[in-house]
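For reference, the structure I am asking about is given below.
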Amino acid sequence: MDRFFQILGLAMRARKVTSGEELVLRELRTGRLHLVVMTVDAAKNTEKKILDKCKSYDVQVLRYGTREELGRAIGKSERVVLGINDVGFARMIKSSFSN
């Protein structure tokens, strides 16, 4: 497993991850999210909904991995979208994404 998924797992254990489309959308509206991670195999309507909401709330979206990989990284079943509600973890995930 690469560093990106390892950091996601750490963030999940620290309870700094929101998973699932509806919960992420709710957290975006409250302004608590600093980063959104979405899989490359997300459905088109989910993709549009999340990207539009992130753009309107000025939250960066990273597209990475498959739904199976994302779920495995956080110890859950398949997940398509995750929200990171901690600045430090968001920064660490962004830096591992660019490497």
Which residues satisfy the side chain to side chain contact (heavy atoms under 4.5 Å, CB included) test with T46, sequence neighbours excluded?
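Here the qualifying residues are E21, A43, I50, V80.
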Taking only residues two or more places apart in sequence, or in another chain, which ones meet E47 in a salt bridge (charged side-chain N to carboxylate O under 4.0 Å, His left out)?
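Partners of E47 under the salt bridge (charged side-chain N to carboxylate O under 4.0 Å, His left out) test: K44, R63.
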Residues forming a ring pair (Phe, Tyr, Trp, His ring centres under 6.0 Å) with F89, sequence neighbours excluded
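If we apply the ring pair (Phe, Tyr, Trp, His ring centres under 6.0 Å) test to F89, skipping adjacent residues, there are no hits.
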Any chance you could lay out the side-chain contact (heavy atoms from CB on, under 4.5 Å) test for E27 and E22, step after step, and finish with the verdict?
CA-CA 9 Å; E27 291 289 299; E22 293 307 316; over 6 Å; no
Grab the two heavy atoms, one from F5 and one from A73, that are nearest each other, plus how far apart they are.
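Answer, listing the atom of F5 first, then A73: CD2-CB, 3.6 Å.
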Sequence neighbours excluded, which residues qualify as salt bridge (charged side-chain N to carboxylate O under 4.0 Å, His left out) partners of K76?
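Not a single residue meets the salt bridge (charged side-chain N to carboxylate O under 4.0 Å, His left out) criterion with K76.
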If hydrophobic clusters are built by linking Ile, Leu, Val, Met, Phe, Trp and Tyr wherever their side-chain heavy atoms come under 4.5 Å apart, do V59 and L51 end up in the same one?
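V59 clusters together with L51.
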Using side-chain heavy atoms (C-beta onward) and a distance below 4.5 Å, is Y64 in contact with I93?
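The answer is no; the side chains never approach within 4.5 Å.
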Write down the atom of V17, the atom of L8, and the distance for their closest heavy-atom approach.
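Scanning both residues completely, I find the closest heavy atoms to be CG2-O, 4.2 Å.
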Interatomic distance, Q6 atom CD to M92 atom CE [nearest 0.5 angstrom]:
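Reported value, rounded in 0.5 Å steps: 10.0 Å.
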Taking every non-hydrogen atom, the tightest pair across V81 and L70:
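For V81 versus L70, the nearest heavy atoms are N-CD2, 4.3 Å.
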Membership question, hydrophobic clusters at under 4.5 Å side-chain separation (ILVMFWY): are I74 and V61 in the same one?
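No; I74 is not reachable from V61 via cluster members.
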Please name all residues satisfying salt bridge (charged side-chain N to carboxylate O under 4.0 Å, His left out) with R26, sequence neighbours left out, ordered by chain then number.
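Salt bridge (charged side-chain N to carboxylate O under 4.0 Å, His left out) check on R26 returns nothing, list empty.
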Heavy-atom pair of closest approach, residues C54 and V36:
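Heavy atoms only, the tightest pair is SG-CG2, 3.6 Å.
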Can you see which heavy atom on V24 is nearest to which on L33, and at what distance?
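Here V24 and L33 meet closest at O-CD1, 3.6 Å.
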Inter- and intrachain pairs under ring-ring contact (aromatic ring centres under 6.0 Å, His included), touching residues 26-48, at least two apart
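Every pair satisfying ring-ring contact (aromatic ring centres under 6.0 Å, His included) with a residue in residues 26-48: there are none.
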May I have all residue pairs that pass side chain to side chain donor-acceptor pair (under 3.5 Å) and include part of residues 10-19, sequence neighbours excluded?
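Every side chain to side chain donor-acceptor pair (under 3.5 Å) pair that includes a residue of residues 10-19, provided the two are not neighbours, is S19-R79.
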By side chain to side chain donor-acceptor pair (under 3.5 Å), which residues pair with K48, not counting sequence neighbours?
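So K48 forms a side chain to side chain donor-acceptor pair (under 3.5 Å) with D52.
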Rounded at 0.5 Å granularity, tell me how far CG in L23 sits from CG in L82.
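The CG atom of L82 is 11.0 Å from CG of L23, to the nearest 0.5 Å.
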Using salt bridge (charged side-chain N to carboxylate O under 4.0 Å, His left out) as the criterion, list what pairs up with D58, not counting sequence neighbours.
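Counting only residues at least two positions away or on another chain, D58 forms no salt bridge (charged side-chain N to carboxylate O under 4.0 Å, His left out).
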Could you grab the distance from atom CZ of R32 to atom CD1 of I84, nearest 0.5 Å is fine?
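So the gap between those two atoms works out to 15.0 Å.
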Non-neighbouring partners of K53 that pass side chain to side chain contact (heavy atoms under 4.5 Å, CB included), sequence neighbours left out
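K53 satisfies side chain to side chain contact (heavy atoms under 4.5 Å, CB included) with L25, L28, R29, S56, Y57 once adjacent residues are dropped.
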Those residues that, when tested against E68, pass side chain to side chain contact (heavy atoms under 4.5 Å, CB included) (two or more places apart)
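Applying side chain to side chain contact (heavy atoms under 4.5 Å, CB included) to E68 gives D41, T66, R72, E78.
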With rounding to the nearest 0.5 Å, note down the distance linking CZ in R91 to CD1 in I7.
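Here the rounded value is 12.5 Å.
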Hydrophobic clustering (ILVMFWY, side-chain heavy atoms < 4.5 Å, transitive) - are L35 and F4 grouped together?
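The answer is yes; both residues are in one hydrophobic cluster.
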Measuring only between side-chain heavy atoms, which start at C-beta, is Q60 closer than 4.5 Å to L62?
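The answer is yes; the side chains approach within 4.5 Å.
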